[in-house]
Amino acid sequence: MFTENAETFIKSRLLEYRAELESVLNGGNISQYNYCECTADDGERYDRNEKTD
């Protein structure tokens with residue numbers, strides 16, 4: 001049962017991001033996935049590419 005749930009979850013994620021995955025796999029721009037360390041005004045380090053809501 002766990003395997004079926006995991007497989008369903010993975011398939012749903014792949015379908016959700018299909019166009020993005022195809023673009024990256026076909027030589028698209030992957031810079032948004034590269035870690036880019038930055039330092040905030042308070043000195044805390046973070047990944048500039050990390051999405052925040």
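Keep in mind that this is a model prediction, so the values were computed, not measured.
- Under the 4.5 Å side-chain heavy-atom criterion for grouping Ile, Leu, Val, Met, Phe, Trp and Tyr, L21 is connected to F9 within one hydrophobic cluster.
- More than 12 heavy atoms of other residues, nucleotides or ligands sit less than 6.0 Å from atom CD of E37.
- Summarising the geometry, atom CG belonging to N34 is positioned 10.5 Å from atom CZ belonging to R48; distances are rounded to the nearest 0.5 Å.
- Side-chain contact between D47 and C38 is absent, with no heavy atoms from C-beta onward closer than 4.5 Å.
- Rounding to the nearest 0.5 angstrom, the gap separating the CZ atom in R13 from the OG1 atom in T8 is 12.0 Å.
- The backbone N or O of A19 lies less than 3.5 Å from no partner atom in the side chain of S23, so there is not a single donor-acceptor pair.
- The local environment of CG in D42 is crowded, with over 12 non-hydrogen atoms from other residues, nucleotides or ligands closer than 6.0 Å.
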